[in-house]
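Lettering follows sequence order; numbering is per chain, from 1. Computed from a predicted model, the values in this text were never measured in an experiment.
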2 protein chains.
Amino acid sequence: MALGERNEKILQAVVDSYILSGNPVASNVLCQRYDFGLSSATLRNIMAELEEMGFLTHPHTSAGRVPTDKGYRYYIDTLVCVEDETDDIEDRFSAAPRLGGGDLHALMEETSQFLAALSRNAGVVVAPAEPEGSYRHIEFVRLRGRQVLIIFVTASGLVQNKLIDLDESIDQQALNTFSRFLDEELESRSLFEIRKRLQEKLGEEKQVFTRLMDETYQASHDVHGRDAEKVFVGGAAQVLDHPEFANVEKMKALLRAFEDKYKLLKLLDMSIAAEGIKVFIGSENPYFEMQGCSLVVGKYRVAGNVVGTLGVIGPTRMQYRQAIQVVDYTSRLLSRILDERLHRGIEGK
Amino acid sequence: MALGERNEKILQAVVDSYILSGNPVASNVLCQRYDFGLSSATLRNIMAELEEMGFLTHPHTSAGRVPTDKGYRYYIDTLVCVEDETDDIEDRFSAAPRLGGGDLHALMEETSQFLAALSRNAGVVVAPAEPEGSYRHIEFVRLRGRQVLIIFVTASGLVQNKLIDLDESIDQQALNTFSRFLDEELESRSLFEIRKRLQEKLGEEKQVFTRLMDETYQASHDVHGRDAEKVFVGGAAQVLDHPEFANVEKMKALLRAFEDKYKLLKLLDMSIAAEGIKVFIGSENPYFEMQGCSLVVGKYRVAGNVVGTLGVIGPTRMQYRQAIQVVDYTSRLLSRILDERLHRGIEGK
DNA sequence: GCTTAGCACTCTGGCCAGTAGAGTGCTAAA
DNA sequence: TTTAGCACTCTACTGGCCAGAGTGCTAAGC
């Protein structure tokens, strides 16, 4: 829906002003703060028009205008341009805390805090979920008794491990051989296929290996389901400082939504197919608990492949421009960190 | 401070009634619901007496009585007896969800949820913090390039790992030798001492090993500081359902307290020296944000040694008896689960 | 035909007074 | 020592009032 340049500018001013102040925007305020060369009466007429078209509302008769979800959508789609400022983003965020100390888990947690700190909203990160069975290397370490530690190195260079118990004892030598065998097979086949072939080939003899294979296959699922699909939320308490959550019920609803990691995961993954950064505004959001909230979601990559999503959750009255920049910056930063980890491993510098 | 049997009973009735209803307890209500054989006027006199002694207060002149922190303290110390019911606890909680699926991290998270679900408050668990350098076994696995995965098996049988980068390449053979050397040394010395002796002994030659030793020593700290000292909070949102958190400010303060994991850790660890289960009531709590909250803390063990704490956080108006039972039960359950893991490893069944 | 000034109208939010209800403290009697 | 009775106090809720904010509409001006 085209609006005409003048109306567009006024819509933008209303949204900007509302985002900034949190108060419904009166025609007077608009008249004073922005230089449209129009009187408040004219602005009133235009605002009434925009309201009729569904871009603005009225809390009550004698209140100023507030953007609707449709208004925000128009604002973001056509009025927010981020690209022209990308150059100085690096500078602006360079004072931000550094990322990338510990292991994957710590990195995810830090990243969610990072997003939260920069955007002054809640930060959410979904840990890398790599395609099933995309392992570059699998290693076995015999610990004590019949315990074996399985170490998975995924295609994107992340290391995960899982401890299992075997029925029979097996020596390290055999484990090494098996590891080498698996590595070779992994070049052309999935774990599932390897397991199937092994069952057929070995039959009744060498049961230890079929067992080990079974356990490995199982463990690969566990490793996937566990760390790989985990959602990290940072700065949840600080979103509640926004005045729209002064209502206790809304506050609780949002917190419960944050605790329901599974739903969050689905929410973030919705945008995994989309290009670039996606913004979900208020009612566009399929989960009722998140009504009144907006979500800015981006993706991060390892070796060029999208492996996870990350984003910012806040009230619909959110500093979208800033949030989009933060998500954009953080996704590139995280991608770079993960890539560095990967290359350090491959090239062995 | 002795109260006399009659006054004690009345104090107990007031606290019980207040915990149950959340409303200040009027003399009338007390007279009707409990069979003291006394009129409301007499109860009024006694309550006034208890107030003078500091066990009860008054929100305002025409309101019923509410327990003070001192009142709760007396109630818990002398009026709550849990021991006589321990027999059927197992039965009562047997329908509770099972624990102990995944790795240590998952177990801690589950346990915090478990505590929350049973107590209808927030559940908190501090992951096992074992004495510095109490490793039973350290293993090195060469991955790709110059990356080495260090695997720590702690004295209580938990497995943790950390990925490091070396400057020089080192072959698996050498790593194995080094691992065996460390295992022998660990019987009598700490990692710190081993590192120091190694530096002196090796001097300038075999720098790879001094480097590796340094990295291992570093990593042992990281592993400690990371998983080992982590606090898991479950069911935070559900505490907020209690009417005492209807106030938005209190709500936020509590949530912020939950996010400050470090303080929580200190709070829980305060009771690590005490015998059995400890209850902190309202103002006994050193952290201001937790004013108005009580904390029931227990400990859990591995192989008989206390390695961590766990507890329940809720409003001072909390079902203490139930909370104490839940903490008691959960701490024994978690100890058993960890012990089982440990023994499975040692005996190799 | 668009813009503007002016004015009536509407809605909110704060303030105040009034009232019912709850529960105490005190006094005097049993 | 206990109890009945009563005055007193405080809260919470209600309705009325008023100022302030901001709109919508109308009619005049460019």
Side-chain angles (χ1 to χ4, degrees), chain A residues 3-11 13-18 20-68 71 243-244 246-248, chain B residues 3-11 13-18 20-68 71 243-244 246-248:
Chain A
L3 277 183
E5 199 184 339
R6 194 180 67 170
N7 288 11
E8 233 173 43
K9 269 197 178 158
I10 289 169
L11 177 60
V14 172
V15 178
D16 276 337
S17 176
Y18 183 66
L20 211 69
S21 72
N23 298 320
V25 184
S27 55
N28 253 322
V29 175
L30 219 53
C31 188
Q32 281 159 33
R33 269 218 265 287
Y34 299 81
D35 191 26
F36 292 117
L38 294 170
S39 75
S40 68
T42 313
L43 291 174
R44 267 206 294 285
N45 287 333
I46 297 171
M47 281 159 94
E49 218 175 297
L50 286 170
E51 180 162 357
E52 201 150 318
M53 289 193 266
F55 294 106
L56 300 175
T57 4
H58 245 156
H60 56 86
T61 3
S62 74
R65 271 9 189 258
V66 169
T68 60
E244 20 275 291
N247 180 326
V248 179
Chain B
L3 278 183
E5 199 184 337
R6 195 181 65 171
N7 288 12
E8 233 173 43
K9 270 195 176 156
I10 289 167
L11 177 59
V14 173
V15 179
D16 277 337
S17 176
Y18 182 66
L20 212 68
S21 73
N23 300 320
V25 184
S27 55
N28 254 322
V29 175
L30 219 53
C31 188
Q32 279 159 33
R33 269 218 266 286
Y34 299 81
D35 190 25
F36 291 118
L38 294 170
S39 75
S40 69
T42 312
L43 291 173
R44 268 206 294 285
N45 287 333
I46 296 171
M47 282 159 95
E49 219 174 295
L50 287 170
E51 181 163 357
E52 201 150 319
M53 287 195 268
F55 295 106
L56 299 175
T57 3
H58 244 156
H60 56 87
T61 4
S62 74
R65 270 10 188 260
V66 169
T68 60
E244 21 274 291
N247 180 326
V248 179

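Nucleotides of DNA chain C lying under 4.0 Å from heavy atoms of chain A occupy a range whose first and last members, 5' to 3', are C/dT3 to C/dT12.
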Distances for protein N or O near nucleotides 10-12 of chain D N or O, under 3.5 Å:
| from | atom 1 | to | atom 2 | distance (Å) |
| --- | --- | --- | --- | --- |
| D/dC10 | O5' | B/Thr61 | OG1 | 3.3 |
| D/dC10 | O4' | B/Thr61 | OG1 | 3.3 |
| D/dC10 | O2 | B/Ser62 | OG | 2.8 |

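In this structure, B/Val248 and A/Ala246 approach most closely via the heavy-atom pair CG2-O, 3.0 Å. Across all non-hydrogen atoms, the minimal contact from B/Tyr18 to B/Val25 is N-CG2, 3.8 Å. The minimum heavy-atom distance between A/Gly64 and A/Pro59, with the atom names listed, is O-CD, 3.4 Å.
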Mind listing the side-chain donor-acceptor pairs of residues 31-43 of chain A below 3.5 Å, one per line with the distance, residues two or more places apart or on another chain?
| from | atom 1 | to | atom 2 | distance (Å) |
| --- | --- | --- | --- | --- |
| A/Ser39 | OG | A/Ala41 | N | 3.3 |
| A/Ser39 | OG | A/Thr42 | N | 3.4 |
| A/Ser39 | OG | A/Thr42 | OG1 | 3.2 |

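Atom-to-atom distance recorded for B/Thr68:OG1 and B/Phe55:CZ is 7.5 Å, nearest 0.5 angstrom. The CG atom of B/Leu56 sits 11.0 Å away from the CD atom of B/Glu49 when rounded to the nearest 0.5 Å. A distance of 11.0 Å separates CD1 in B/Ile10 from OG in B/Ser27, rounded to the nearest 0.5 Å. Between A/Arg6 atom CZ and A/Leu11 atom CG the span is 13.5 Å, to the nearest 0.5 Å.
Contact check of residues 23-33 of chain A against DNA chain C (heavy atom, cut-off under 4.0 Å) returns no residues at all. DNA chain D lies under 4.0 Å from at least one heavy atom of each of the following residues of residues 34-50 of chain A: A/Arg44.
Listed by first and then second residue, the salt bridge (Lys or Arg N to Asp or Glu O under 4.0 Å) pairs involving residues 50-59 of chain B are B/Glu51-B/Arg65 (not counting sequence neighbours).
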